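Some notes on the structure that comes next.
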Amino acid sequence: MTHPPHSNSAPEERRTVVVVGAGPAGLAVANVLRAADVDCVVLETESRQFVESRPRAGVIEEWAVRELRQRGLGENLAARAQLHTECEFRFAGERFRFDYHELTAQHHYVYPQPLLVTDLVREYADVRGGDIRFGVREVVLHDLETDRAAVSYLDPETGRRHVLRCEFVAGCDGARGVTRDAIPAGRVRVSRHDYGTAWLALLAEAPPSSDCVVFGVHPNGFAGHMARSPEVTRYYLQCPPGDDPENWPHDRVWDELRERLRAAGAPQLAEGRLIEKRVLDMHDYVVEPMVYGRLFLAGDAGHLTAPIAAKGMNLALHDAFLLGDAIAAHVAKDDDEGLAGYSHACLRRVWDYQEFSQFLSGIYHGTASGDPFLAGTSLARLRRLFTSRAAATAFAEQYLGSAPAF
Ligand code: FAD
């Protein structure tokens, strides 16, 4: 829904682009625009300190790292990220190493999202001198179907509403933002999928207990181990949807992780204090098209991929580079091809990743479903990865997002 600007407004400003949200999507768009000398402003409801420390993703695909580096945004990442070449599946009490680098010649980079966000904020605001306004309130979109589109927000310090007239709005405010809701009902299709399960997402003050990502497929439910840094490790435990994190005290978490990740010859888990513990209900959605009038959605605002396949931040970056380049081409050369094809180009990769997430969910959750048929097919999928090179190569390509085209 759009609203007329508030009467108690500060004088209107004119900007070419208003980017709503300073997550990976918004910050990447803003950096691309800034590099192309396109005038823009970023609005963010949280503080700089908050966005730079919010823990979430950690796995970045090689193509995304390449893009970041080409755009001068990946220097710290290249110096500090861990380079992974394998992952490990544990099932039926055994360990199975999956060497995706050998199959694709590509890597996964492990670089915590807060570090990437910190790099992107610094580059945009401190190095490239970009305008970013933290702590804004009550962000509202206006007149999106006209050439007088605007975004307004309340400045909590002055109590005044600021109105930013613009040519484009980049809706990068994540799954719980306001930009997607500004699209009137019936103007886009929102497809949803619910996996009917949840993950307890944990961050432990403990060193990693393996040199690679580990996936435990167990009759009690899925368990995951992902290094974040030498001191911090992310773990996941499948749990019932809507479960209360308080049902998972320290000892229960570690007992269950040990059980679900148990395998012959596996090193002991290094236990540590749990510094994050929250339940994520596993669901996806896709908005089609990702465009309404002057509003272009990017990242989780346009599509949510449950963290099953570690794809959300990668998709956010993919959208952001396409959108930044498309707006820059429009401004510099009056070339609208990128803008016209934006939604289609994003959605091809989005749907591919959603499909992979579905496939992985079958592997991870089938054994604990209570349905012996799903348990049987889940184990068949797993075994195929270690008996058929063709199946393993296809899996590795999706796991790394390395297909030559989508
Ligand atoms: P966000 O990061 O959500 O950023 C949106 C920003 O908009 C936020 O800063 C928010 O404060 C701001 N905002 C919200 N409302 C407003 C408003 N009204 N006005 C202004 N600003 C607003 N992805 C991967 O690729 N690899 C992984 O390994 C991975 N692991 C994950 C693990 C977990 C536990 C979770 C929860 C997610 C994981 N993801 C992973 C997904 C990834 O974190 C998200 O897909 C990614 O953050 C999306 O980026 P974004 O910029 O679209 O949205």
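These numbers come from a predicted model, not from an experiment. When a residue number appears, it is its place in the shown sequence, counting from 1. Values below: every heavy atom of this structure, side chains too, minus hydrogens, waters and symmetry copies. Counting convention: from 1, in listed order, for ligands and their atoms alike.
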Next item on the list: Report, in ascending order of atom number, the atoms of ligand 1 lying under 4.0 Å from any heavy atom of Leu43.
Entry: 20 (C), 21 (N)
Notebook entry, point to check: Do any N or O atoms from the side chain of Ser378 and from the backbone of Ile363 form a donor-acceptor pair under 3.5 angstrom?
Noted result: yes
Check: Where's the contact between Arg278 and ligand 1, heavy-atom distance under 4.0 Å: side chain, backbone, both or neither?
Finding: side chain
Next item on the list: Provide the number and element of each atom of ligand 1 under 4.0 Å from a heavy atom of Val139.
Entry: 19 (N)
Check: Can a donor-acceptor pair be found between the side chains of Glu271 and His250 at a distance below 3.5 Å?
Finding: yes
Check: Tell me: protein heavy atom nearest atom 40 (C) of ligand 1, and distance?
Finding: Ala57 CB, 3.2 Å
Next item on the list: Evaluate ring pair (Phe, Tyr, Trp, His ring centres under 6.0 Å) for Phe96 paired with Phe91, printing each intermediate quantity in order.
Entry: CA-CA 8 Å; Phe96 298 84; Phe91 59 99; 4.4 Å; yes
Notebook entry, point to check: Would you say Val136 and ligand 1 have an N/O pair spaced under 3.5 Å apart?
Noted result: no
Checklist line | Which residue and heavy atom of the protein sit nearest atom 32 (C) of ligand 1, plus the separation | finding: Tyr236 OH, 3.1 Å
Notebook entry, point to check: Between Ala301, Gly299, Pro24, which one has a non-hydrogen atom sitting closest to atom 49 (O) of ligand 1?
Noted result: Pro24
Next item on the list: Give a yes or no on this: more than 12 heavy atoms of other residues, nucleotides or ligands lie within 6.0 Å of atom CD of Glu75.
Entry: no
Item checked: Protein contact of atom 51 (O) of ligand 1 - nearest heavy atom, named by residue and atom, plus distance -> Ala25 N, 2.9 Å
Notebook entry, point to check: In terms of side-chain heavy atoms, does Tyr364 have a donor or acceptor partner in Thr197 at a distance below 3.5 Å?
Noted result: no
Next item on the list: Indicate yes or no: does an N/O atom of Met313 lie under 3.5 Å from an N/O atom of ligand 1?
Entry: yes
Notebook entry, point to check: Does Tyr292 have Arg187 sitting over its ring (NZ/CZ under 6.0 Å from centre, angle to axis within 45°)?
Noted result: no
Note to self: Need the ligand 1 atom indices (1-based, order shown) with element for anything under 4.0 Å from a heavy-atom of Val20.
What the structure shows: 19 (N), 20 (C)
Note to self: Counting only heavy atoms from other residues, nucleotides and ligands, does the tally under 6.0 Å from CD of Gln49 exceed 12?
What the structure shows: no
Check: Tell me: protein heavy atom nearest atom 53 (O) of ligand 1, and distance?
Finding: Gly174 CA, 3.7 Å
Checklist line | Minimum heavy-atom distance between Arg180 and Gly174, given as atom pair plus value | finding: NH1-O, 3.8 Å
Item checked: Pairing of Arg294 and Glu145 as salt bridge, 4.0 angstrom limit -> no
Note to self: At less than 4.0 angstrom from any non-hydrogen atom of Gly58, what atoms of ligand 1 do you find?
What the structure shows: 27 (C), 28 (O)
Next item on the list: Give the numbers and elements of all ligand 1 atoms closer than 4.0 Å to a heavy atom of Asn314.
Entry: 24 (C), 25 (O)
Check: By number and element, which atoms of ligand 1 are closer than 4.0 Å to a non-hydrogen atom of Gly177?
Finding: 15 (N)
Note to self: At under 4.0 Å between heavy atoms, is it the side chain or the backbone of Val59 that contacts ligand 1, or both, or neither?
What the structure shows: both
Next item on the list: Taking the side chain as every heavy atom from C-beta outward, state whether Leu77 and Ile60 have any pair of such atoms under 4.5 Å apart.
Entry: yes
Margin query: Quick check on contacts: which atoms of ligand 1 are under 4.0 angstrom from a heavy atom of Val51?
Written below: 9 (O)
Item checked: Close approach, Arg234 and ligand 1, non-hydrogen under 4.0 angstrom -> yes
Checklist line | Tyr235 and Trp254: CA distance, side-chain angles, deciding distance, ring pair (Phe, Tyr, Trp, His ring centres under 6.0 Å) verdict | finding: CA-CA 10 Å; Tyr235 286 98; Trp254 287 102; 5.3 Å; yes
Check: Going through the checks in order, is the side-chain contact (heavy atoms from CB on, under 4.5 Å) test met by Gln238 and His365?
Finding: CA-CA 8 Å; Gln238 187 186 348; His365 304 134; 3.4 Å; yes
Check: With a 4.0 Å cut-off on heavy atoms, is Phe50 touching ligand 1?
Finding: no
Check: Using a heavy-atom cut-off of under 4.0 Å, does the side chain or the backbone of Thr45 touch ligand 1, or both, or neither?
Finding: both
Next item on the list: Indicate, as side chain, backbone, both or neither, the part of Leu280 found under 4.0 angstrom from ligand 1 when only non-hydrogen atoms are considered.
Entry: side chain
Next item on the list: Starting from atom 1 (P) of ligand 1, find the nearest protein heavy-atom neighbour and note its residue, name and distance.
Entry: Arg56 NH1, 3.4 Å
Checklist line | Distance-only N or O hit between ligand 1 and Glu46, under 3.5 Å | finding: no
Next item on the list: Report the nearest protein non-hydrogen atom to atom 45 (O) of ligand 1: residue, atom name, distance rounded to 0.1 Å.
Entry: Asp300 OD1, 2.8 Å
Note to self: Once you restrict to heavy atoms under 4.0 Å, what part of Glu44 touches ligand 1? Side chain, backbone, both or neither.
What the structure shows: both
Next item on the list: Would you mind checking which non-hydrogen protein atom is closest to atom 9 (O) of ligand 1, with the distance to 0.1 Å?
Entry: Arg54 NH2, 2.5 Å
Next item on the list: Go through the side-chain N and O atoms of Asp284 and Thr305 and say whether any donor and acceptor fall under 3.5 Å apart.
Entry: no
Next item on the list: Compare all side-chain heavy atoms of Arg80 with those of Tyr111 and state whether any distance is below 4.5 angstrom.
Entry: yes
Item checked: Carboxylate-amine/guanidinium contact Asp131 Arg133, below 4.0 Å -> yes
Checklist line | Side chains of Glu355 and Gln398, donor plus acceptor under 3.5 Å | finding: yes
Checklist line | Cation-pi geometry met for Arg69 and Trp63 (6.0 Å, 45°) | finding: no
Note to self: For atom 47 (O) of ligand 1, what's the nearest protein heavy-atom neighbour? Residue, atom name and distance, please.
What the structure shows: Gln113 NE2, 2.8 Å
Checklist line | Which segment of Cys172 sits under 4.0 Å of ligand 1 when only heavy atoms are counted | finding: backbone
Check: Which bit of Ala316 is near ligand 1, meaning a heavy atom under 4.0 Å away: side chain, backbone, both or neither?
Finding: side chain
Check: Which of the atoms in ligand 1, numbered in the order shown and given with their element, are less than 4.0 Å from a heavy-atom of Val178?
Finding: 18 (N)
